[in-house]
Amino acid sequence: MKAKDYLTDYYERYDEEGRLSSKHGMVEYLTTMKYVEKYLRPDMRILEIGAGTGRYSHAFAQKGYRVDAVEFVEHNIEIFRQHTIEGEPVTVTQGNAMELSAFESNTYDITLLLGPMYHLFTREDQWKALSEAIRVTKKGGIIFAAYCMGDASVLSYGFVRGEIYNLIQDCKLDTETFGSFSDPWDIFELYRKEDIDHLRNEFHVTQLHFVAADGYTNHMRETVDRMDDRMYELYLKYHFAICERPDMTGYSHHTLDIFRKE
């Protein structure tokens with residue numbers, strides 16, 4: 001089975017909408033929205049690469065921003081279109097994050113790369129996706145790139161769920177460094193911050209924030225989902241207060257690298 005087939009099969013079966021709508025899933029969504037809105041100005045154009053079912057694209061289009069979206073998986077595009085409101089200033093096309101020739105250079109004020117880096121397993125493919133996201137962004141525009149973190153998976157899947165020996169045997173997890181161990185059939189590529197820094201530093205950009213998008217949330221998802229509204233609001237306040245602390249980002253399942261094109 002090819003890498004694209006693993007990915008298509010996964011998203012045809014996975015309830016991405018349900019994940020982002022749960023209390024624990026909303027932490028990642030609200031954190032991402034908070035940081036994007038920090039840089040939004042009237043009349044800005046937005047491109048979302050790897051838009052999934054359109055949760056972010058629709059949110060910004062319904063606020064009046066012109067949004068173009070690119071998505072690889074046809075199943076996700078069908079859901080995206082089902083959620084489109086008549087007159088909403090949003091487009092969606094099928095495409096690959098590594099090849100965006102349909103989009104002109106220096107066009108978008110905000111570029112969201114919130115899914116593709118999860119599923120690219122070679123340095124060359126990762127570089128292509130970042131390069132294309134930067135190319136289509138205006139000089140001075142802001143790119144938001146999301147990543148899955150390796151240590152969070154070692155802790156939650158390996159030790160908490162008791163799969164650590166399977167990771168060592170089947171995924172060849174290095175028991176000296178406990179570094180990344182992903183293959184295409186694992187669906188998700190896993191990173192450490194130094195991997196993300198090395199990728200970004202190959203481009204003429206300036207980092208603005210490195211954010212633990214969900215922080216410790218996924219390690220305690222059942223607890224978060226049981227919180228009443230008062231407790232949940234307090235938890236969000238705590239999360240927002242610490243989500244850029246360097247000592248916290250490695251525990252997050254998802255991180256957000258935010259940088260400006262120079």
Side-chain angles (χ1 to χ4, degrees), residues 2-12 16-17 32 36 39-147 184 187 189 199-200 202-205 256-262:
K2 296 179 180 179
K4 66 178 182 179
D5 296 325
Y6 286 111
L7 188 62
T8 299
D9 182 64
Y10 175 82
Y11 279 108
E12 285 180 349
E16 178 71 0
E17 286 285 293
T32 302
V36 176
Y39 291 96
L40 275 176
R41 301 293 181 270
D43 301 320
M44 279 187 165
R45 291 191 65 186
I46 299 171
L47 176 66
E48 184 175 10
I49 306 165
T53 56
R55 184 73 181 275
Y56 293 100
S57 289
H58 289 306
F60 291 118
Q62 289 166 19
K63 291 176 183 287
Y65 294 97
R66 291 174 58 196
V67 181
D68 294 321
V70 182
E71 171 54 29
F72 180 74
V73 178
E74 184 62 40
H75 174 74
N76 287 340
I77 295 173
E78 292 173 6
I79 297 174
F80 187 111
R81 288 176 173 151
Q82 290 169 10
H83 290 175
T84 302
I85 299 170
E86 186 176 354
E88 190 178 347
V90 65
T91 69
V92 60
T93 58
Q94 187 168 28
N96 190 313
M98 297 179 289
E99 204 285 301
L100 297 174
S101 58
F103 298 87
E104 294 184 4
S105 301
N106 305 305
T107 299
Y108 296 94
D109 302 281
I110 298 286
T111 298
L112 307 177
L113 190 69
L114 301 181
M117 303 306 284
Y118 295 175
H119 308 300
L120 300 176
F121 293 88
T122 69
R123 182 65 171 244
E124 179 183 4
D125 288 351
Q126 293 161 4
W127 189 92
K128 286 179 182 177
L130 272 184
S131 179
E132 283 290 81
I134 293 166
R135 178 185 65 80
V136 300
T137 306
K138 294 178 181 178
K139 183 177 180 179
I142 311 298
I143 297 97
F144 297 76
Y147 295 87
I187 306 299
E189 170 70 335
L199 276 169
R200 185 197 336 97
E202 295 187 25
F203 300 94
H204 190 42
V205 300
L256 194 59
D257 193 29
I258 305 171
F259 49 91
R260 180 176 60 239
K261 179 177 177 178
E262 301 298 353

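Every residue two or more places apart in sequence or in another chain that forms a side-chain hydrogen bond (donor to acceptor under 3.5 Å, both in side chains) with E132 is listed here: R135. Applying the ring pair (Phe, Tyr, Trp, His ring centres under 6.0 Å) rule to F203 yields the partners W127; only residues at least two apart in sequence or on another chain are considered. Every salt bridge (Lys or Arg N to Asp or Glu O under 4.0 Å) that R260 has, sequence neighbours left out, goes to E262. Taking F60 as the reference, nothing meets the ring pair (Phe, Tyr, Trp, His ring centres under 6.0 Å) condition, with sequence neighbours excluded. Partners of F80 according to the ring pair (Phe, Tyr, Trp, His ring centres under 6.0 Å) rule, which considers only residues two or more places apart in sequence or in another chain, are H58. In this structure K261 satisfies the salt bridge (Lys or Arg N to Asp or Glu O under 4.0 Å) test with no other residue, sequence neighbours excluded.
Residues L47 and T107 form no side-chain contact, since every pair of their non-hydrogen atoms from C-beta on lies 4.5 Å or further apart. Proximity of Y147 to D257: side-chain heavy atoms (C-beta onward) are separated by under 4.5 Å at one or more points. Side-chain contact between F259 and I134 is present, with at least one heavy-atom pair separated by less than 4.5 Å.
Taking each heavy atom of A133 and L113 in turn, the nearest pair found is CB-CD2, 4.3 Å. Smallest separation of non-hydrogen atoms from L120 and A129: CD1-CB, 3.5 Å. In terms of heavy-atom proximity, A145 sits nearest to L130 at CB-CD2, 4.3 Å. Across A69 and A51, no two heavy atoms sit closer than the pair CB-CB, 3.7 Å. T111 and T137 get closest at one heavy-atom pair: OG1-OG1, 2.7 Å. Scanning both residues, I49 and P116, for their nearest heavy atoms gives O-CD, 3.3 Å.
A distance of 9.0 Å separates OH in Y56 from CG in L112, rounded to the nearest 0.5 Å. Distance CG/L199 to CD/Q126: 5.0 Å, rounded to 0.5 Å. In this structure, I79 CD1 and E71 CD are separated by 10.0 Å, a value rounded to the nearest 0.5 Å. Considering CZ of F144 and CD1 of I110, their distance stands at 4.5 Å, rounded to 0.5 Å. In this structure, the separation between CD1 on I143 and CD1 on I258 is 11.0 Å, given to the nearest 0.5 Å.
Evaluation of the salt bridge (charged side-chain N to carboxylate O under 4.0 Å, His left out) test over residues 40-54, restricted to residues two or more places apart or in two chains, returns R45-D68. Note on residues 81-101: no pairs pass salt bridge (charged side-chain N to carboxylate O under 4.0 Å, His left out), not counting sequence neighbours. Screening residues 100-126 for salt bridge (charged side-chain N to carboxylate O under 4.0 Å, His left out) gives D109-K138, R123-E202, E124-K128 as the qualifying pairs, with residues at least two apart or on separate chains.
Between the side chain of Q94 and the backbone N or O of F72, at least one donor-acceptor pair lies under 3.5 Å.
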List the steps, then state whether side chain to side chain contact (heavy atoms under 4.5 Å, CB included) holds for F103 with T93.
CA-CA 11 Å; F103 298 87; T93 58; 3.9 Å; yes
